[in-house]
Asks: 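One structure is given below, represented as structure tokens, and several questions about it will come after.
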2 protein chains.
Amino acid sequence: MAITIKDVAKAASVSPATVSRVIADNPRISDDTKKKVRETMKHLGYYPNFQARNLVIQKTQTIGIIMADSATLAFQNPFFPEVLRGISSRAHESKFGLYLSTGATTEEIYEEVISMTQGKRVDGIILLYSRIGDKIMEYLYNSNIPFSVVGRPDVHTDSISYVDNDNVGNAREVVNYLIGLGHQGIAYMGGGLEYVVSLDRLKGYQNALEKASLSFDPDLIVNQSISVGLEEQAVRRLMELQKPPTAIVTHDDLIAYELISYLQDMKIDVPGDVSVLSFNNHSLSEHLKPPLSTVDISIYELGIHAAELVLEKIKDREAPVREITVPSRLIERGSCRSL
Amino acid sequence: MAITIKDVAKAASVSPATVSRVIADNPRISDDTKKKVRETMKHLGYYPNFQARNLVIQKTQTIGIIMADSATLAFQNPFFPEVLRGISSRAHESKFGLYLSTGATTEEIYEEVISMTQGKRVDGIILLYSRIGDKIMEYLYNSNIPFSVVGRPDVHTDSISYVDNDNVGNAREVVNYLIGLGHQGIAYMGGGLEYVVSLDRLKGYQNALEKASLSFDPDLIVNQSISVGLEEQAVRRLMELQKPPTAIVTHDDLIAYELISYLQDMKIDVPGDVSVLSFNNHSLSEHLKPPLSTVDISIYELGIHAAELVLEKIKDREAPVREITVPSRLIERGSCRSL
DNA sequence: CTGAAAGCGCTTACAG
DNA sequence: CTGAAAGCGCTTACAG
């Protein structure tokens, strides 16, 4: 059996209560006692048992991380590791641990979230996505559990702490940029429309067209799910339209390069024949040919702030709801050309 | 306060012990009682408190995942999400949760590992890397904690459960393949030599040269750390040698494409002037130009087996040590040419 | 400044 | 088949 507080107490000739107070650095304990106890702790190799501690203080010092589903989006998309890096960094600052959802289906994950929150495995939750009609978010919202969301919630928006980019604005800026280059037929290959980010970007796209008095053509919209690879067929269909687009906006750099490869197979040059613009600024995108014009959405910062928000709520349940918008930046590289 | 076993007991007119036994599906409890208790549990919305349960059974049902350090290797390298996906899938099968290390430096991570194991936050550990002289592995080895390693341990190799590819064999095969294409000057840009995988591959590289009676030229070895981006300078130095290589082997696809971009900047064509071969088979590598010849090392399987191994040890501390070799496969694509 | 006691929410011999 | 009691390893009023 491991060393417990009792062993330390006995060895240091004090009570377990005193040892506990030394661990907590209680100011009412004399420095002499503290010193003595600390020495015996070190000497015996004592480490506090989290289970026991957590049970009595009713806290866990850990944050649950929920991804959409492990099989698809979360892991293939380079978004995940980077946002996790941000969360991890902020959590570590506050000595919080990270507990990961492992479910493969929405239903499994839902059960996991309930059990990890009700079962007091975590103090709070970060939802790594915002999806329309999401049961998990609804559950979190209704049970008074501290949580934050990466992405704007579609409902209860004003009563949930979340971090997001200005997706509408980003998309508008991107489309404006392309319009400025002389493009009129601009296609949009977004993620699945169940994700709020996709809807927001679509809205920004439409806004920009409207302002420029360009008509909206539904044929130019391809909304595959974020998770799956780009369908070659969708690209082919797009380029075989009566009036094929001269520019395509995609929602992720890797998708963009997959797209570009299909275009090249069809002898369509980027940016010669078609301009391509994307999101996420993957580390590779400046090195590949063509270097990709892309929007850096500061994924790491999204993670930092998501952690910050849930930590606020954990520390004080009455902490005001906050919404943080992380800046984005369009990086012009060689995948777009002026007409 | 949440619903406890006592509330259920009272509502169902049984003792807390009985409720506990129903949760455990103890066969000595009558079906009638079970039914009654289960109904009240559902009715009251009871969820077992893990902290309490874990405290008494001295288990946590969670595995700690340790990555080299979050700031660098783990997150940028696409290896991490994929191996995590494998671990996650296997852990979920056994209803185990995943607890992530968050430390940014080796020292921080070392402290974390001690505290999460001694503090009984996890039942076992998966080390996502194998590094020479690693304090953490040494600690795990000395304290009787269940753990497994992704990568061959450099010490205590026979007494630690680990999963790995045949790195020596892989590198040999790769170099043989290039030699078969007529290459003689083959450069090797491996990861940092503190990682066993890098050393093993280097050995395989040397083996292959030897067997082909080609001399080993230290100038053709570039060992940057796995974590950092490829130094443009190193590439330049390599190609400005008296006898520059006609083929380069790198340890990751993304690194390979970064390399290719530098070569292109230097007006060196791949595969025209130099062949490039890599490891990891990134999903993008078949789509990019040139499509990359690369070794698929079955990262997902590495994760599955790493989880399997630690789970074995958790279930039975006396379980025999196992070493699992996951198959790899050289995928020939367009980045190598015959001389 | 320190200790004895109760309690966090469970499980599990021991009895019956 | 079921219950009363002890205990997992801590923390924290309450006393002194």
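Within every chain, numbering begins at 1; the chains are lettered A, B, ... in the order of the sequence lines, protein sequences first and strands thereafter. Reckoned from all heavy atoms, side chains included, excluding hydrogens, waters and symmetry mates.
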Asks: Using whole Å, what does the distance between atom P of nucleotide C:dC10 and atom CG of B:Asn54 come to?
Replies: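 In whole Å, C:dC10 P and B:Asn54 CG are 11 Å from each other.
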Asks: I'd like to know if the side chain of B:Glu112 pairs up with that of B:Thr102 as donor and acceptor (distance under 3.5 Å, no hydrogens or angles considered).
Replies: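 On atom types as modelled, these side chains qualify, holding a pair under 3.5 Å.
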Asks: Taking the cut-offs as 6.0 angstrom to the six-membered ring centre and 45 degrees off its axis, would you call B:Arg152 and B:Tyr162 a cation-pi pair?
Replies: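 No, B:Arg152 and B:Tyr162 do not form such a contact.
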Asks: Does C:dT2 have its OP1 or OP2 closer than 4.0 Å to a side-chain nitrogen or oxygen of A:Ser15?
Replies: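 No, because none of the side-chain N or O atoms of A:Ser15 sits under 4.0 Å from OP1 or OP2 of C:dT2.
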Asks: Give the rounded distance in Å between these two atoms: CD of A:Gln61 and C1' of D:dT11.
Replies: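 Between C1' of D:dT11 and CD of A:Gln61: 14 Å.
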Asks: Tell me what A:Ile57 touches on the nucleic acid: a base, only sugar-phosphate, or nothing, going by heavy atoms under 4.0 Å.
Replies: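 Sugar-phosphate: the residue A:Ile57, judged by heavy atoms under 4.0 Å, touches backbone atoms but no base.
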Asks: Quickly work out the B:Ile3 CD1 to C:dC10 P distance and round it to whole Å.
Replies: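 About 10 Å, once rounded to whole Å.
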Asks: Hey, is the main chain of A:Pro153 close enough, under 3.5 Å, to the side chain of A:Thr157 for a donor-acceptor pair?
Replies: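 A pair under 3.5 Å: yes.
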Asks: Ignoring the backbone of B:Gln58, work out which of D:dT2, C:dT11, D:dG9 is nearest its side chain.
Replies: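 Closest nucleotide to the B:Gln58 side chain: D:dG9.
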Asks: Kindly determine whether A:Tyr139 and A:Thr117 satisfy side chain to side chain donor-acceptor pair (under 3.5 Å), including the steps that lead there.
Replies: CA-CA 11 Å; A:Tyr139 159 75; A:Thr117 51; 2.7 Å; yes
Asks: Okay, side chain of A:Lys313, backbone of A:Ser148: is any donor-acceptor separation there less than 3.5 Å?
Replies: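 Judged by distance alone, no pair lies under 3.5 Å.
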Asks: Under a 3.5 Å cutoff, is there a donor and acceptor pairing between the side chains of B:Gln51 and A:Thr60?
Replies: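 There is no such pair between these side chains.
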Asks: Pick the nucleotide of DNA chain D nearest each of B:Val56 and A:Ala17; which residue has the one closer to the 5' end?
Replies: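 It is B:Val56, whose closest nucleotide lies nearer the 5' terminus.
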Asks: Apply salt bridge (Lys or Arg N to Asp or Glu O under 4.0 Å) to the pair A:Lys42 and A:Glu39, showing each step before the final yes or no.
Replies: CA-CA 5 Å; A:Lys42 178 161 272 175; A:Glu39 268 164 13; over 6 Å; no
Asks: Got a sec? Which of residues 36-46 of chain A come in under 4.0 Å of DNA chain C, heavy atoms?
Replies: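 Going residue by residue through residues 36-46 of chain A, none turns out to have a heavy atom under 4.0 Å of DNA chain C.
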Asks: How close or far is atom P of C:dG9 from atom NZ of A:Lys120, stated in whole angstroms?
Replies: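 Atom NZ in A:Lys120 sits about 9 Å away from atom P in C:dG9.
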Asks: Rounded to the nearest 0.5 Å, how far does CD1 of B:Ile304 lie from CD1 of B:Ile87?
Replies: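 B:Ile87 CD1 to B:Ile304 CD1: 9.5 Å, rounded to 0.5 Å.
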Asks: Side chain of B:Ile5 only, please: which of C:dT11, D:dG3, D:dG9 is the nearest?
Replies: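 So the nucleotide nearest the side chain must be C:dT11.
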Asks: Is it true that the side chains of B:Ser89 and B:Arg85 contain a donor and an acceptor less than 3.5 Å apart?
Replies: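 The answer is no; no qualifying pair exists.
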Asks: Rounded off to whole Å, could you give me the CG-to-P distance for the B:Asp7 and C:dG9 pair?
Replies: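 Those two atoms, CG and P, are 9 Å apart.
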Asks: Drop me the distance from B:Tyr46's OH to B:Thr4's OG1, to the nearest 0.5 angstrom.
Replies: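 If I round to the nearest 0.5 Å, the distance is 7.0 Å.
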Asks: With respect to the side chain of A:Asn49, which nucleotide from D:dC10, C:dT11, C:dG9 is positioned closest?
Replies: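 From the listed options, D:dC10 comes nearest.
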Asks: What integer distance in Å separates A:Lys6:NZ from C:dA4:P?
Replies: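 These atoms are roughly 13 Å apart.
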Asks: CD of A:Gln51 versus C1' of D:dG7: gap in Å, rounded?
Replies: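 A:Gln51 atom CD is separated from D:dG7 atom C1' by 15 Å.
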Asks: Please report the distance, rounded to the nearest Å, between CZ in A:Phe50 and P in D:dT11.
Replies: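 Interatomic distance, CZ of A:Phe50 to P of D:dT11: 11 Å.
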Asks: Do the ring planes of A:Tyr195 and A:Tyr129 sit parallel (below 30°), tilted (30 to 60°) or perpendicular (above 60°)?
Replies: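 A:Tyr195 vs A:Tyr129 ring planes: perpendicular.
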Asks: Whenever both distances are under 3.5 Å in a Watson-Crick or G-U wobble pair, mark it; put DNA chain C into dot-bracket that way, with [ ] for crossing pairs and | when the partner is on another strand.
Replies: |||.||||||||.|||
Asks: Where along residues 19-34 of chain A does a heavy atom come under 4.0 Å from DNA chain C, residue by residue in number order?
Replies: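 DNA chain C contact set from residues 19-34 of chain A: A:Arg21, A:Arg28, A:Ile29, A:Ser30, A:Thr33.
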Asks: For B:Asp25 and B:Lys34: C-alpha separation, side-chain torsions, deciding distance, then whether salt bridge (Lys or Arg N to Asp or Glu O under 4.0 Å) applies.
Replies: CA-CA 8 Å; B:Asp25 202 14; B:Lys34 277 187 185 170; 2.9 Å; yes
